[in-house]
Number of protein chains: 2
Amino acid sequence: MSALSDVARIAQVSKATASRALSGNGYVSAETRDRVVAAAATIGYVVSSNASSLVTGRTRNVGVVIPHINRWYFGDVLEGIESALIAAGYDLTLYRLSSDAAERRRVFEYFLVRKRVDAVIAVGIELTPHEVGLLGGLAKPIVGIGGPIQGIPTLSIDDVAAAALVTEHLISLGHTSIMHFGGDQQSEMDFRVHSQRLAGFRQAMDAAGLASGDDTFRATELSMPGGYELALSVLADPRTRPTAIVAGSDEVAIGTIVAARQLGIHVPAQLSVVGIDGHELAPMFGLTTLAQDPGAQGASAVEQVMAELDGESAAVRAWTPYPVRLEVRSSTTAPLTA
Amino acid sequence: MSALSDVARIAQVSKATASRALSGNGYVSAETRDRVVAAAATIGYVVSSNASSLVTGRTRNVGVVIPHINRWYFGDVLEGIESALIAAGYDLTLYRLSSDAAERRRVFEYFLVRKRVDAVIAVGIELTPHEVGLLGGLAKPIVGIGGPIQGIPTLSIDDVAAAALVTEHLISLGHTSIMHFGGDQQSEMDFRVHSQRLAGFRQAMDAAGLASGDDTFRATELSMPGGYELALSVLADPRTRPTAIVAGSDEVAIGTIVAARQLGIHVPAQLSVVGIDGHELAPMFGLTTLAQDPGAQGASAVEQVMAELDGESAAVRAWTPYPVRLEVRSSTTAPLTA
DNA sequence: ATGAAAGCGCTAACAG
DNA sequence: CTGTTAGCGCTTTCAT
């Protein structure tokens, strides 16, 4: 493997000059630079990022911690982050956090701390103050996606408002028997997203004077199979079946629709369903959903990180709700007495 | 940031001894090791992987190149790789390759070469001999997933046989008018997967004496919207509509089913559909599909890489077909005259 | 079993 | 504008 010294020797300059010529830092005469660049090209020289990082303290690499890869919302966010990072010339090191606490500790206390990453983006994970402190102590920027984290900038929609909005949509259609298929309230993993969406749902129901008690909420994994299984069991009984469902995610919504159709329930004539993610596949299913843009949120997070890395650390340390709008489609929601 | 020298000073040993105690390489008396470990713990010492990599030449990091993140098959493979890597104490650096040739070159000639990764796993991407040579010249192990690559070990199913199998299934059900909704034959990205599946389809059709000409094949992006759009246009005309579809992926299959139902076509009474990936969501849709296990393939790839990294470089340099079986479900395929 | 010393490959002052 | 010098933090002979 050729080193900088080889380039220097061939170009007949010192290592320092070669370094300057290649990195673009510092003055180098045009002709010298050309010689150096040519020399580097002929021997196929590429910097050793290790050596370079060791002295500069910068790795041009950011760590991304995320609970799932193969879920619509998370996959979209990840793609958005990936594109933005590559465009900025940064590497992306991926850590999937399971609910296993020991593994989580290992990621934070070992993997993320070894001077391997310049910054961390946490997607859909509520960092503990301890974890924030760990990274913060190393002066590594952190930005979150998916919900407020104490003391660091976070991008997310206003989940309470979002859930309230879709619920109101259903109510405005004349529905009175509405259920929320949401995330497990115990799950530490995904922020307060679950509880906030439930809160928004209840808020809208209460405001309309509708029942919002325990039997209007059922917890499930926020996945297609999750929604499917739950819907199969809840919708089977025609006497207790609601006329509308506020799904905790688009995947849950689709799962619910598939199950309903399988039970012979007509969507939307007999059951209206709304989602919350605004995934690109939603239109295909005609799903009425909130239009948040996960990919764009990922890209914004990268922007934030880059800004902080460039010293603009006075960035927004507070949470800013990401704007959303309700995308109304005809095929999964309908007036109650259409 | 505390360094090894700090640990050494506190434990009252030399840096060399501290290093040995912490890494477990070389002789250290039990009591000395305890002192060192304790010292490291109190100041929260973590090795700088840069410094360590610089001298050892090993990064404990593997690069993964993959064309999509948010597709069932690829997401599953990626999850499998991630888990296996973390378990082995390795980091995973993710590169999504678009069809942009310039970007692809940049990834191979810049990102992957800077002594940042110990090995590369290429998923669903046919590496060129040049790319293989690039990494090979650096003595970095490469393993592929998804199809044969010249000169390196690759994991994949036998796509010709797989496509033939699902096609035969349809034929055995009495279908004679069968179409293949597969991947674009021009796409360089995804190996020969597309053409191989088409070949398998034609092989089975020909063997049964059925028409397998150009009008039995339609190309689409191997995604749900891809399958959906294509099905919408192809299935609309009842006079030319086939009775069965061999989908190029599970996503295409689902998209096709959704479109068919939307057109009022009953699946499987009027249209039978088979997929090829065996995704975990297939059962939910009752999809008849091949059972390949993408996650397991990812894990196997990691095993291969680790073996090569441990010097067992005499590993299988040839392609070994990954075993599959056909999972027959009742709801998306049926005898023609049921 | 432990320590001293020599780098790994590069960048960043500081002179000139 | 270019060269000299001094490390970045760690591992690894080679002595002891």
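Lettering of chains follows the sequences in order, A, B, ..., and the numbering in each one begins at 1. All figures in this text were calculated on a predicted structure; none of them were measured in a lab.
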query = For nucleotides 8-16 of chain D, read 5' to 3', which letter fits each nucleotide if B means a protein heavy atom sits under 4.0 Å from the base, S means only the sugar-phosphate is that close, and - means neither?
reply = BBBBBB---
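Under the 3.5 Å distance criterion, the side-chain polar atoms of A:Ser83 are matched with a main-chain donor or acceptor of A:Glu79. The backbone N or O of A:Ser53 lies less than 3.5 Å from no partner atom in the side chain of A:Arg60, so there is not a single donor-acceptor pair. A donor-acceptor pair under 3.5 Å links the side-chain atoms of B:Arg71 to the main chain of B:Leu222, judged by distance alone.
For the residue pair A:His68 and A:Arg96, the shortest heavy atom distance occurs at CA-CD, 4.2 Å. Closest approach of A:Ile142 to A:Gly136, counting heavy atoms only: CD1-N, 4.5 Å.
The rotation axes computed at either terminus of the helix from C:dA1-D:dT16 to C:dG16-D:dC1 lie 30° apart, taking five pairs at each end and rounding to 10 degrees.
Note on A:Thr32: every side-chain N or O is 4.0 Å or more away from OP1 and OP2 of D:dC1.
Rounding to the nearest 0.5 angstrom, the gap separating the CG atom in A:Leu54 from the OG atom in A:Ser49 is 11.5 Å.
Rounded to whole Å, the distance from CZ on A:Arg58 to C1' on C:dC10 is 16 Å. In this structure, A:Asp34 places its CG atom 11 Å from P of D:dT2, rounding to the nearest Å. Put simply, CG on A:Leu22 is 14 Å from P on D:dT2, counting in whole angstrom units.
The local environment of NZ in B:Lys140 is crowded, with over 12 non-hydrogen atoms from other residues, nucleotides or ligands closer than 6.0 Å.
Counting only residues at least two apart or in different chains, side-chain hydrogen bond (donor to acceptor under 3.5 Å, both in side chains) contacts with residues 8-21 of chain A comprise A:Asp6-A:Arg9, A:Ser14-A:Thr17.
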